[in-house]
Q: 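Okay, here's the structure, questions in a sec.
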Amino acid sequence: MNMLQIRDFNLKATLESGQLFRYHGSGDDFYYVVAGDAIIKIRQNRNGSGVEYGCSSDSFDVKKFLGLNHSYGKIIKSISRDEKIAAAIRNHYGLRVLEQEPWECTASFICSAFSNIPRIKQCIEKVAMAFGSSIEFDGFTTFSFPQPQQINDFAKLKMCGLGYRAKYLFETARIFSNNSEYYSLQHNSAASGMCNRTLSDLHLRKLSYEEAKKRVIELPGVGSKVADCILLFSCGFYEAFPVDVWIHRAMSRMYGSELREFAAERGLKAKKTGEKLIGDYARLRFGKYCGYAQQFLFHHARSGEKKPSPAHLP
DNA sequence: CACCAGGTACTGT
DNA sequence: ACAGTACATGGT
């Protein structure tokens, strides 16, 4: 086990803020996080001064995966433009944006469309069980997330409960397989050199946010929102601002008048505040790290508006 | 049995 | 460009 002293980190908020679907545990003890073919066992010290972790793969860069290389203070300062967002940040201070592997992130968020988090998790586990390989670490057993080439049986994929998304995932898996030099998942098959930054390093990362988004959105099952999730969670584009129903509600509630004013400035007689408008406004409002702001707002909204536990107990 | 859930693709103006 | 609508599945 490794000990890592790290400030400005909230493991629970980071894992449970909806960026990642494959984790087990609730913060009381160790979490088991599954990424690709790696299992990470990790918990945070009581006083929050650091983390204790182990990983099934020596070459997996846990620190990078957890976003611990980010200049946290600088990012927080940059997005703290007003008291409203500052309150959301205080609520889950230490939340980090993870650096996931692009293929798994893409596949996961294709499954997420028009669904809910418990079922998304269930679908992804089923995909891993159907096409991945059995892996184990410290007594915890599960299945690796399959490489795109491994998702080669459509009938089997249909069994995973994805509904109409099965077709999208299957086709996207094919595109990743056939364009491995572009989407390059380079897993260094022989040396097991797990490299959790690929797509982004080789191509997309060199593009502007707008250009990269255009490319990702070409994938079937990937629209504006999922594209932003991919770019933010796995390609280092922190100006991506995924707008889902939660963010739509939160932004309308918190910045309703500003949004209408922003729409008016653009000549849009929009009574309705569309997703595109919200994203553009967020980039203006929170700056180039607005993706971080999105993650705080999302977790803030979801943890706050969750139904309170039954009050009929003594 | 309606209704909802981290939207997307397709259609029509 | 922008609104409407169908879409699979599983849980209340």
Side-chain angles (χ1 to χ4, degrees), chain A residues 13-23 88 92 95 97-98 100 104-127 130 154-173 175 210 213-234 240-253 259 263-264 266-280 282 290-310:
Chain A
T14 300
L15 297 182
E16 299 184 10
S17 55
Q19 320 172 51
L20 179 78
F21 299 104
R22 303 197 71 191
Y23 66 88
H92 299 290
L95 190 167
V97 172
L98 298 168
Q100 303 183 55
E104 180 169 355
C105 185
T106 301
S108 299
F109 279 95
I110 284 176
C111 297
S112 79
F114 197 47
S115 187
N116 55 72
I117 290 184
R119 193 160 78 87
I120 298 163
K121 287 180 179 171
Q122 190 184 5
C123 289
I124 293 169
E125 287 308 314
K126 283 184 180 175
V127 169
F154 185 66
K156 204 167 160 191
L157 186 60
K158 290 274 284 187
M159 302 277 101
C160 297
L162 305 190
Y164 63 92
R165 306 168 197 82
K167 178 164 47 94
Y168 301 144
L169 180 55
F170 194 74
E171 289 172 4
T172 294
I175 292 171
E210 290 80 7
K213 183 165 177 176
K214 246 183 253 176
R215 297 314 302 262
V216 176
I217 226 167
E218 290 169 5
L219 298 166
V222 177
S224 176
K225 187 267 175 182
V226 170
D228 276 334
C229 287
I230 295 167
L231 294 179
L232 176 59
F233 300 144
S234 73
F241 192 89
V243 179
D244 58 29
V245 292
W246 290 92
I247 290 298
H248 196 302
R249 282 197 287 258
M251 288 294 286
S252 300
R253 181 170 50 79
L259 277 167
R266 295 197 150 194
L268 304 174
K269 47 201 162 190
K271 284 296 164 207
K272 255 191 73 170
T273 52
E275 276 85 49
K276 174 85 167 73
L277 184 78
I278 292 178
D280 288 344
C290 65
Y292 250 99
Q294 186 272 359
Q295 212 42 43
F296 280 105
L297 289 173
F298 179 76
H299 196 41
H300 185 65
R302 268 186 55 81
S303 58
E305 295 180 25
K306 236 178 244 173
K307 285 189 178 67
S309 40

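In what follows, chains carry the letters A, B, and so on, assigned in the order in which the sequence lines appear, proteins first and then strands, with residues in each chain numbered from 1.
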Q: Whole angstrom is fine here: how far is it from NZ in A/K167 over to C1' in C/dA6?
A: 12 Å
Q: Could you check A/Q295 against A/V222 and say which one's nearest nucleotide on DNA chain B is further toward the 5' end?
A: A/Q295
Q: Going by modelled atom types, is there a donor-acceptor pair between the base of B/dG7 and the side chain of A/Y164 at under 3.5 Å?
A: yes
Q: Salt bridge or not for A/E125 and A/R22, using N-O below 4.0 Å?
A: yes
Q: So what does A/P220 touch, heavy atoms closer than 4.0 Å: a base, only the sugar-phosphate, or nothing?
A: sugar-phosphate
Q: Any side-chain N or O of A/R119 under 4.0 Å from OP1/OP2 of C/dG11?
A: no
Q: To the nearest Å, how far apart are A/K276 NZ and C/dC2 P?
A: 9 Å
Q: Would you mind reading off the distance between A/Y168 atom OH and B/dC10 atom C1', rounded to a whole angstrom?
A: 9 Å
Q: Using atom P of each nucleotide, how far apart are C/dG10 and B/dA9 to the nearest Å?
A: 22 Å
Q: For a quick check of understanding: with a heavy-atom distance under 4.0 Å over all strands, which category does A/V243 fall into, base, sugar-phosphate or nothing?
A: nothing
Q: Could you state the CZ-P distance from A/F241 to B/dG6, rounded to the nearest angstrom?
A: 17 Å
Q: Do the charged groups of A/E218 and A/R215 touch, with an N to O distance under 4.0 Å?
A: yes
Q: Going by heavy atoms in the side chains, are A/S17 and A/R302 under 4.5 Å from each other?
A: no
Q: Is it true that A/H92 and A/T14 share a donor-acceptor pair across their side chains at a distance under 3.5 Å?
A: no
Q: What nucleic acid atoms does A/S17 come within less than 4.0 Å of, heavy atoms only: base, sugar-phosphate, or nothing?
A: base
Q: Can you tell me how far C1' in B/dC1 sits from the matching atom in C/dT9, rounded to whole Å?
A: 16 Å
Q: Taking atom C1' of C/dA8 as reference, at what distance in whole Å does atom CZ of A/F114 sit?
A: 9 Å
Q: I'd like the P distance from B/dC3 over to C/dT5, given in whole Å.
A: 15 Å
Q: Specify the separation, in whole Å, of atom CH2 of A/W246 and atom P of B/dG6.
A: 6 Å
Q: Could you work out the separation of C/dA6 and B/dC4 based on their P atoms and round it to a whole Å?
A: 15 Å
Q: Between A/R165 (CZ) and C/dC7 (P), how many Å, whole number?
A: 14 Å
Q: CD of A/E275 versus C1' of B/dG7: gap in Å, rounded?
A: 9 Å
Q: Looking at the rings of A/F241 and A/Y292, which for Trp means the six-membered one, are their centres under 6.0 Å apart?
A: no
Q: Between A/I217 and A/G18, which has a closest nucleotide on DNA chain B that is more 5'?
A: A/G18
